[in-house]
Student: 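Sharing a structure here in structure tokens format.
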Amino acid sequence: MAKIIISYLNTLKPVILLFIVWEISSRYFFPDQSLFPPASQVFKCFCLLVSEGLLFNHVKASFLRVAAGFFLGACTGLVLGIAMGWNEVIRSNISPIISILYPIPAIGWLPLFILWIGINELLPVMIVFICAFFPMLYNTMTGVKSVDLSLVKASKMLGASEWQVLTTIVLPLALPNIFTGLKLEAGMAWRVIIAAEMVAISTGLGSLLMKGESLLRVDIIIVCLLILSLLCFCSEKIFLLIENKLTSKWRNPDA
Amino acid sequence: MPEIKVCDAKPSFVERSYSLKVDRGELRVIYGPTGSGKTTLLNIVAGLIAYEGYVFFNDVPMDCVPPQKRNIGYLFQGLHLFPHLSVFNNIAYGLKIKKIPPEKIKEQVDELMELFEITHLENRYPQNLSGGEKRRVALARTFAPRPGVLLMDEPLNSLDENIVIRLRRQFKRLQRKLILTTLYVTHDSEECIELADNIYYV
């Protein structure tokens with residue numbers, strides 16, 4: 001336990017140093033503190049936003065959109081990725097369409113979605129859906145395709161049906177790839193939701209950022225950015241923890 | 001236990017065809033040099049490759065029966081243990097597929113682990129086993145679902161002499177006890193003489 005605490009403190013050391021340098025440089029080297037407020041002022045702003053419940057409400061709004069979009073996108077990507085990885089006919093038919101759509105950045109769909117579905121709650125959910133769907137599909141497909149076929153053969157010889165081979169051998173072995181997709185996109189979902197909220201939605205972290213900009217409140221902007229960074233980090237870590245829980249036994253049997 | 005008949009079976013990528021008859025409970029050794037097509041014969045019987053000709057189990061044609069429905073235990077040369085399953089779960093895999101009650105699975109797996117002297121490895125994963133241990137786990141896994149036909153592809157290849165002698169005896173004892181019709185591929189003449197009821201030269 002002591003070792004873990006020491007390792008966390010070591011990781012935090014550079015961050016603490018950054019805050020000290022920030023505080024000193026803002027106070028003594030920048031004449032206009034409204035454009036570059038010291039860390040202590042940002043902290044005060046953070047406390048104010050929390051006590052007024054403003055920060056919680058905006059984070060909650062963003063979180064619900066990310067959760068809904070991410071869940072739907074990841075599930076759809078997972079199902080289609082399994083189908084494409086497992087079945088050659090499905091893969092050869094759908095792959096060309098996916099190859100055309102995949103390179104389009106999620107935020108690039110925004111103008112089209114504004115026209116198609118209007119500015120409402122569905123808009124940011126759809127953007128996160130797109131953001132989560134394609135990478136999830138590709139990672140799942142790669143994971144399923146890369147499972148050693150001799151294991152599939154061995155499983156069949158032990159009496160497993162196609163469905164049993166898929167659920168007991170292929171999917172568990174594809175988990176590392178699937179989680180690579182989930183980890184990457186959990187962070188990415190927060191980045192795109194901010195962009196969508198900045199452009200078109202009046203609630204959420206992105207809209208709070210824009211309010212900070214229009215009020216010339218740099219401290220609010222910095223609070224939002226730091227919260228965003230923390231949310232991205234936590235989302236990725238949660239999936240890393242789940243992945244370790246599910247696969248570490250056989251991926252690192254010595255650990 | 002079925003009697004196996006292979007009649008002029010020929011896969012598209014091989015020049016020769018195979019014909020043989022193996023009696024119920026017989027241990028037939030398929031003997032020949034490396035690359036002579038011994039594994040191909042096993043794959044025909046297992047239904048893992050397409051072929052022309054016929055395969056019968058107890059005079060029932062098997063040519064349209066998929067591998068998982070032929071009630072075969074196949075020990076591959078590469079073993080193919082499932083890396084994400086512990087030794088216990090590897091051995092229990094075929095039994096779980098058949099939806100056998102858990103207490104019965106435990107009983108059967110424990111019995112096999114004891115027989116092959118791998119009880120102490122129960123919770124280990126294949127990546128952490130030695131070559132000999134892996135072979136014994138693979139043997140136990142092959143026997144677990146009580147197949148009617150056993151196909152063994154050089155199961156004791158590249159192992160220490162002492163382990164080979166012990167495993168050979170364990171295998172022969174179990175094969176006799178369960179009266180399993182067996183096709184056993186080897187290129188080792190000593191193994192061939194010790195195990196075979198009959199020999200098929202390739």
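Worth knowing before you read on, the calculation uses all heavy atoms, side chains too, and leaves out hydrogens, waters and symmetry mates. The sequence lines fix the lettering, A, B, ..., with proteins before strands; numbering per chain opens at 1.
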Student: Does the side chain to side chain contact (heavy atoms under 4.5 Å, CB included) test come out yes or no for B:Leu48 and A:Lys156, once each step is laid out?
Tutor: CA-CA 10 Å; B:Leu48 289 173; A:Lys156 282 186 180 172; 5.8 Å; no
Student: Take a 6.0 Å sphere around CZ of A:Phe63 and say whether it holds more than 12 heavy atoms from other residues, nucleotides or ligands.
Tutor: no
Student: Is there a donor-acceptor contact under 3.5 Å from the side chain of B:Gln127 to the main chain of A:Trp250?
Tutor: yes
Student: Step through the shown structure and confirm whether more than 12 heavy atoms of other residues, nucleotides or ligands are within 6.0 Å of OH on B:Tyr201.
Tutor: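 Not more than 12 within 6.0 Å, no.
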Student: Give a yes or no on this: more than 12 heavy atoms of other residues, nucleotides or ligands lie within 6.0 Å of atom NZ of B:Lys69.
Tutor: no
Student: Side chain, backbone, both or neither: which part of B:Arg124 has a non-hydrogen atom closer than 4.5 Å to chain A?
Tutor: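 Neither part, no heavy atoms under 4.5 Å.
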Student: Locate the shortest heavy-atom distance separating A:Ala154 from B:Arg141; write the atom from each residue and the value.
Tutor: CB-NH2, 4.0 Å
Student: Identify which part of B:Pro83 has an atom lying under 4.5 Å from any heavy atom of chain A, answering side chain, backbone, both or neither.
Tutor: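 Contact with chain A is through both the backbone and side chain of B:Pro83.
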Student: Quick one: list whatever passes ring pair (Phe, Tyr, Trp, His ring centres under 6.0 Å) with A:Trp86, sequence neighbours left out.
Tutor: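 With neighbours one apart ignored, the set is empty.
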Student: Which atom pair, heavy atoms only, marks the closest approach of A:Met157 to B:Pro67?
Tutor: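 In terms of heavy atoms, the two residues are closest at SD-CB, 3.7 Å.
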Student: Please flag which part of B:Leu75 lies under 4.5 Å from any non-hydrogen atom of chain A: side chain, backbone, both or neither.
Tutor: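 No part of B:Leu75 comes within 4.5 Å of chain A.
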Student: How many angstroms lie between OG1 in B:Thr142 and CG in A:Leu158, if you round to the nearest 0.5 Å?
Tutor: 7.0 Å
Student: Roughly how far apart are A:Ser155 OG and B:His80 NE2, rounded to 0.5 Å?
Tutor: 12.0 Å
Student: Within a radius of less than 6.0 Å around CD of B:Glu117, do more than 12 heavy atoms belonging to other residues, nucleotides or ligands occur?
Tutor: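 Correct, the count exceeds 12.
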Student: Hey, what do you get for NE2 (B:His84) to CG (A:Leu151), rounding to the nearest 0.5 Å?
Tutor: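 Answer rounded to 0.5 Å: 8.5 Å.
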Student: So, taking the atom named CD in A:Gln164 and the one named NZ in B:Lys99, what distance separates them when rounded to the nearest 0.5 Å?
Tutor: 5.0 Å
Student: Would you compute the distance between atom OH of B:Tyr93 and atom CD1 of A:Ile169 and round it to the nearest 0.5 angstrom?
Tutor: 4.0 Å
Student: Heavy-atom distances under 4.5 Å only: say whether A:Thr168 touches chain B with side chain, backbone, both or neither.
Tutor: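 Both backbone and side chain.
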